[in-house]
**Q** 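Please see the structure below; I have some questions.
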Amino acid sequence: MSDEARWYVVHTYSGYENKVASNLMTTVENRNLQDMILEVKVPTETVTEIKDDKTKEVERKLFPGYVFVKMIYTDETWYVVRNIRGCTGFVGPSSKPVPLTEAEVYRMGVETRVVEVSYKVGDTVRIIDGPLEDFIGVVDELSVDKNYVRVTVSMFGRETPVEFELNQAELFTD
C-alpha cells in the first residue's frame, strides 16, 4: 500500500455518475476521510448542439458510466467507494483497483498540467530531448492546451516539420 494518492476508475450504473460522485464526497465528509479520498471527478466537455435551427451549449460526459477518484488505496477506502449506491466496482482485474498512470491521467483530461514556454511562433528553438536532440529549428505552430509544438528542422538538406511536447524544446540563444 502506498502513501501517495493515485487516480482510480470506478464503474457506475449509466446515468448515475454525478449521483455516485456527490454521495461519495458526502460519505468522505461524514467519515472524515478527506486526507484519504482527495478528489472525485466526472470529466465532461462542453459541446455546441444544433437542433431545429437553434444552437445551445450542452455539457457531455467524456466517459459515461465511470467516475475518477483520487485516493490513497487502503481496505477502508476500497470499502467506502465500493459500497456507494450506484457503484458497481473498480476498474481492474477481479475488483482489485489498478491506478491510472500519469500519462493516462493527462491524456484522459482528468488532470491538466500547466506548462509555461519561453518561446513563440517564429522563434528559433533547440530540441533538448528525444531522437532529434540538439537539432535547431523554427517554431511553426504552438498549442499549450494540447502540449505540443511543431518545429521545422533541417535534416539532410530538407526542411522537415516535426512535432514535440512543449518541454522537449527550449529557446535557442547563441
Side-chain angles (χ1 to χ4, degrees), residues 1-51 55-119 127-131 133 141-150 163-170:
M1 287 187 224
S2 147
D3 286 343
E4 187 182 335
R6 307 275 306 268
W7 283 100
Y8 295 90
V9 182
V10 178
H11 193 265
T12 67
Y13 294 130
S14 186
Y16 280 73
E17 302 89 350
N18 293 333
K19 190 79 173 150
V20 167
S22 65
N23 286 347
L24 181 55
M25 288 313 296
T26 304
T27 304
V28 165
E29 283 181 33
N30 291 344
R31 292 189 176 205
N32 207 16
L33 292 170
Q34 291 93 333
D35 55 339
M36 300 294 282
I37 299 176
L38 307 174
E39 257 184 278
V40 179
K41 278 192 173 181
V42 180
T44 58
E45 66 180 346
T46 305
V47 180
T48 305
E49 284 187 352
I50 301 172
K51 195 174 186 180
T55 60
K56 66 177 183 174
E57 302 261 317
V58 177
E59 203 163 2
R60 188 175 290 156
K61 292 176 184 68
L62 287 174
F63 306 102
Y66 295 96
V67 174
F68 294 83
V69 180
K70 187 173 190 174
M71 66 180 202
I72 298 171
Y73 178 68
T74 64
D75 289 341
E76 183 183 13
T77 56
W78 178 89
Y79 181 83
V80 167
V81 173
R82 183 67 186 84
N83 287 293
I84 293 294
R85 182 180 302 238
C87 170
T88 60
F90 282 94
V91 172
S94 66
S95 253
K96 169 124 177 57
V98 176
L100 294 173
T101 64
E102 207 171 302
E104 289 171 328
V105 169
Y106 294 122
R107 194 171 55 242
M108 293 174 130
V110 180
E111 269 184 7
T112 54
R113 59 182 147 197
V114 177
V115 178
E116 290 187 16
V117 290
S118 57
Y119 51 85
I127 309 306
I128 57 173
D129 187 28
E133 190 171 338
E141 191 178 333
L142 183 71
S143 177
V144 176
D145 44 324
K146 293 182 181 170
N147 191 33
Y148 89 94
V149 59
R150 188 169 63 211
E163 289 185 5
F164 298 99
E165 288 186 4
L166 293 174
N167 62 353
Q168 290 182 295
E170 68 180 9

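Values reported hereafter were calculated over all heavy atoms of this structure, with side chains retained and with hydrogens, waters and symmetry mates removed. Since we're looking at a predicted model, the values are computed, not measured.
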**Q** Any side-chain heavy atom of Val67 within less than 4.5 Å of one from Val40?
**A** yes

**Q** With side chains defined as the heavy atoms from C-beta onward, is the minimum distance between Met71 and Tyr8 less than 4.5 Å?
**A** yes

**Q** NZ/Lys41 to NZ/Lys70 distance, rounded to the nearest 0.5 angstrom?
**A**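 Going from the NZ atom of Lys41 to the NZ atom of Lys70 covers 8.5 Å.
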
**Q** Taking only residues two or more places apart in sequence or in another chain, which ones pass ring-ring contact (aromatic ring centres under 6.0 Å, His included) with Tyr66?
**A**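 For Tyr66 the ring-ring contact (aromatic ring centres under 6.0 Å, His included) partners, ignoring immediate neighbours, are His11.
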
**Q** For Lys19, what residues pass the salt bridge (charged side-chain N to carboxylate O under 4.0 Å, His left out) criterion, not counting sequence neighbours?
**A**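 In terms of salt bridge (charged side-chain N to carboxylate O under 4.0 Å, His left out), with neighbours along the sequence ignored, Lys19 is linked to no residue.
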
**Q** Decide whether Thr44 and Glu59 meet the rule of one side-chain donor and one side-chain acceptor closer than 3.5 Å.
**A**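 Glu59 and Thr44 do have a side-chain donor-acceptor pair below 3.5 Å.
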
**Q** Describe, in one word, how the ring planes of Phe68 and Trp7 are oriented to each other, choosing from parallel (under 30°), tilted (30 to 60°) and perpendicular (over 60°).
**A** perpendicular

**Q** Rounded at 0.5 Å granularity, tell me how far CG in Leu33 sits from CG in Leu38.
**A**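 Leu33 atom CG to Leu38 atom CG measures 10.5 Å (nearest 0.5 Å).
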
**Q** Given side chains that start at C-beta, do those of Leu166 and Leu142 come closer than 4.5 Å, heavy atoms only?
**A**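 The answer is yes, as the side chains (C-beta and beyond) meet within the 4.5 Å cut-off.
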
**Q** Would you compute the distance between atom CE of Met25 and atom CG of Asn23 and round it to the nearest 0.5 angstrom?
**A** 11.5 Å

**Q** Looking at Val98 and Pro93, what are the two nearest heavy atoms and their distance?
**A**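 Shortest heavy-atom contact: CG2-CD, 3.6 Å.
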
**Q** Main chain of Tyr148, side chain of Glu165: is a donor-acceptor contact present, judged purely on distance under 3.5 Å?
**A** no

**Q** Are Gln34 and Val28 packed together at the side-chain level, in the sense that at least one heavy-atom pair is separated by less than 4.5 angstrom?
**A** yes

**Q** Is atom OH of Tyr16 surrounded by more than 12 heavy atoms (other residues, nucleotides or ligands) closer than 6.0 Å?
**A** no

**Q** Mind checking whether Phe63 and Val9 have side chains closer than 4.5 Å, heavy atoms only?
**A** no

**Q** Return the CG to CD1 distance between Leu24 and Ile37, rounded to the nearest 0.5 Å.
**A**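 It comes to 5.0 Å.
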
**Q** For the residue pair Val80 and Thr27, what are the closest heavy atoms and their distance?
**A**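 Looking at all heavy atoms of both residues, the shortest contact is CG1-CG2, 3.8 Å.
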
**Q** Quick one: are Glu17 and Pro64 in side-chain contact, heavy atoms under 4.5 Å?
**A** yes

**Q** Compare all side-chain heavy atoms of Asn18 with those of Lys61 and state whether any distance is below 4.5 angstrom.
**A**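 Side chain of Asn18 against side chain of Lys61, heavy atoms only: contact under 4.5 Å found.
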
**Q** What's the spacing between Lys56 NZ and Ile50 CD1 if we round to 0.5 Å?
**A** 12.5 Å

**Q** With heavy-atom distances below 4.5 Å as the criterion, would you say the side chains of Thr77 and Ile72 are in contact?
**A**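 Side chain of Thr77 against side chain of Ile72, heavy atoms only: no contact under 4.5 Å found.
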
**Q** What's the separation between atom CE in Met36 and atom CZ in Arg31, rounded to the nearest 0.5 Å?
**A**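 The CZ atom of Arg31 is 12.5 Å from CE of Met36, to the nearest 0.5 Å.
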
**Q** If you count the non-hydrogen atoms of other residues, nucleotides and ligands that lie under 6.0 Å from OH in Tyr13, is the total more than 12?
**A** no

**Q** What is the minimum heavy-atom distance between Ala169 and Tyr119, and which atoms define it?
**A**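 That closest heavy-atom pairing would be O-CE2, 3.4 Å.
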
